[in-house]
Every structure is written in structure tokens, then in C-alpha cells.
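So the structure is just underneath, and the comments pick up after that.
Reckoned from all heavy atoms, side chains included, excluding hydrogens, waters and symmetry mates.
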Amino acid sequence: MMYWNYYNNCNKGHHPHHPHRSHRSQRTQGSENFLEALVGEQVKINRGGPNAIFGKLLAVKSDYLVVWTREGVVYVKKNHIKSITDLDGSHGTHGSRTGGRTDGRTGGAKDKDFIKADNFRGVLKALNQKFVQVNWGGPEKVVGFLAEVTKDHILVVSDHKKVEIFIDHIQSIKKEMKKRHGSGTDGSTGGGTAGAANAPATAKAQALKPVVKKALKRRISR
């Protein structure tokens with residue numbers, strides 16, 4: 001097992017009055033190399049608490065990571081990551097324990113099935129008009145319909161209430177996984193029931209349209 005304090009290594013040695021750009025760029029490059037080496041490995045993001053995420057690191061982007069978890073693909077902003085632990089301990093050797101493996105409860109989805117945006121804002125735009133989970137846990141977790149993405153915030157309709165969340169404070173986001181009626185498994189498993197699983201989500205989206213339109217109308221009229 002290898003542990004890396006990502007936040008501290010990115011900021012270690014910064015002087016408030018005399019920053020050294022070359023040293024800073026070297027530290028950033030070192031962090032990026034470490035992350036790239038972990039692609040394909042099982043990792044733990046953050047040491048504990050409601051924001052600890054376990055999963056397989058799928059990709060490293062400019063300002064976010066893509067992680068495959070038991071609850072689906074989650075997109076984690078780099079500037080909110082405090083640490084990363086290599087749970088396999090192989091530090092990017094891509095051994096047989098992780099290569100091409102998916103969790104048993106993911107329905108056998110392929111690793112390539114994730115949003116490939118250049119930056120985190122692109123991820124938000126790709127998830128617009130979809131049901132999402134914003135933040136992994138704790139009091140800042142919000143599950144609802146992503147109704148709008150603006151320059152500095154997003155608008156989520158959760159339990160028929162409007163929730164505006166500043167993009168700078170979003171720690172992670174993922175597409176919400178719908179469950180089949182009377183089952184604890186994800187609705188995307190068992191291809192023949194996929195349509196039935198998506199039906200409740202579609203009905204809920206239709207029911208939320210008046211709420212979303214009303215919210216957007218108020219914003220325009222301000």
C-alpha cells in the first residue's frame with residue numbers, strides 16, 4: 001500500500017512572498033506523474049470520513065479524476081483531494097489484480113463508459129438535465145435533477161427545492177444510479193429490465209419540469 005498526501009505535496013514549500021515557479025512546476029509535474037502511474041489501480045481518495053472514496057482510477061484529467069466505484073463513475077475535483085492511497089500497493093504496475101477488473105455490482109460496464117471532458121466544467125455540462133449526486137457524503141451531499149449550469153454555479157432541483165451550488169465548492173459529482181422496483185441492485189444490470197428501470201426516472205424528470213421551468217423563469221425575470 002502506498003500513501004500520497006496530494007494536497008500537501010502540491011503546496012509544500014510555497015513561500016507567500018517569493019514563489020519559485022520552476023520549483024512549483026516540478027512539484028506539480030511530480031504529482032501528475034504519481035497520479036498517471038495509478039491509472040488502473042484500486043485507490044482510496046481522502047483518508048476517512050464522508051468524503052473517502054474507494055474505487056478504480058480510470059483517468060487523470062486537467063482538474064479532476066475519474067474513479068469507478070460500486071455506486072458508478074464519480075468525477076472528483078483535484079483541488080478538493082487531500083490524499084490518495086494505492087490500495088494494491090503496486091504503484092502503477094497494472095498487475096492482474098486490477099487490469100480490466102470491474103466491481104461485481106457495476107453490471108459489467110466497460111471502463112470506457114465515462115465522460116471524457118477536458119475539464120470539470122465540461123463534466124457538469126455533460127451531466128446537465130440529468131439526475132446527479134453532488135458531493136460524496138456529509139451535509140453537502142445533494143441528490144437531484146441538474147437543471148442549469150452557469151459560469152460560477154449549478155442549479156439542482158432536490159425534493160422540489162432549488163439548490164444553487166457554487167462550482168468552486170463542488171468536491172465531486174456522479175450520475176445518479178436508479179434502482180429497480182423492489183430490488184437493491186442497479187437498474188442498469190440485466191439488460192431486459194433497463195427500460196423498466198429508466199421509466200421511473202423519466203416520469204420523475206417530467207414531473208420536475210414545471211418546477212425547473214418556474215425556477216429558471218424567476219431567475220430570468222430578476
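Side-chain N or O atoms of Tyr75 include one that pairs as donor or acceptor with a backbone N or O of Ile115 at under 3.5 Å. Using modelled atom types, one side-chain atom of Lys78 and one backbone atom of Lys61 make a donor-acceptor pair closer than 3.5 Å. Looking only at distances, no side-chain donor or acceptor of Thr69 sits under 3.5 Å from a matching main-chain atom of Gly55. Panel note: side chain Lys44, backbone Arg47; a donor-acceptor pair is recorded below 3.5 Å. Remark: the backbone N or O of Lys151 is paired with a side-chain donor or acceptor of Arg121 at under 3.5 angstrom. In this structure a side-chain-to-backbone donor-acceptor pair under 3.5 Å is present from Lys174 to Glu71.
Shortest non-hydrogen contact noted between Ser172 and Val74 is CB-CG2, 3.8 Å. Heavy atoms only, all atoms of each residue included: Val60 and Glu36 are closest at CB-OE2, 3.8 Å. The minimum heavy-atom distance linking Asp63 with Asn119 is given by the pair OD1-CA, 3.4 Å. Taking each heavy atom of Val76 and Ile45 in turn, the nearest pair found is CG2-CD1, 4.2 Å. When every heavy atom of Leu57 is checked against every heavy atom of Leu35, the shortest pair comes out as CD2-O, 3.6 Å. The two residues Leu87 and Phe54 have their closest heavy-atom pair at CD1-CD2, 3.9 Å.
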**Request:** For Glu140 and His169, run side-chain contact (heavy atoms from CB on, under 4.5 Å): C-alpha distance rounded to whole Å, both residues' side-chain angles, the deciding distance at 0.1 Å, then the answer.
**Result:** CA-CA 10 Å; Glu140 299 303 319; His169 295 292; over 6 Å; no
**Request:** Could you check Phe120 against Asn79 for side-chain contact (heavy atoms from CB on, under 4.5 Å), going step by step and ending with a plain yes or no?
**Result:** CA-CA 11 Å; Phe120 191 76; Asn79 60 359; over 6 Å; no
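Side-chain contact between Trp68 and Phe114 is absent, with no heavy atoms from C-beta onward closer than 4.5 Å. Inter-residue side-chain proximity for Leu155 and Glu164 is flagged as met; some heavy-atom pair is nearer than 4.5 Å. At least one side-chain heavy atom of Ile84 sits under 4.5 Å from a side-chain heavy atom of Leu65.
Asp159 CG to Phe145 CZ: the interatomic distance, rounded to the nearest 0.5 Å, is 14.5 Å. For the atom pair OH (Tyr64) and CD1 (Ile170), the distance works out to 14.0 Å, reported to the nearest 0.5 Å. The CZ atom of Arg70 sits 14.5 Å away from the NZ atom of Lys56 when rounded to the nearest 0.5 Å. With rounding to the nearest 0.5 Å, the separation of CD in Gln133 from NZ in Lys141 is 4.0 Å.
Just one of Leu146, Val143, Val163, Ile173 meets the side chain to side chain contact (heavy atoms under 4.5 Å, CB included) condition when paired with Val134; it is Ile173.
Partners of Lys175 under the side-chain contact (heavy atoms from CB on, under 4.5 Å) rule, at least two apart in sequence or in another chain, are Leu127, Lys130. Gln171 pairs by the side-chain contact (heavy atoms from CB on, under 4.5 Å) definition with Asn51, His80, Asn135, not counting sequence neighbours.
For CG of Asp152, the number of neighbouring non-hydrogen atoms (other residues, nucleotides, ligands) closer than 6.0 Å is greater than 12.
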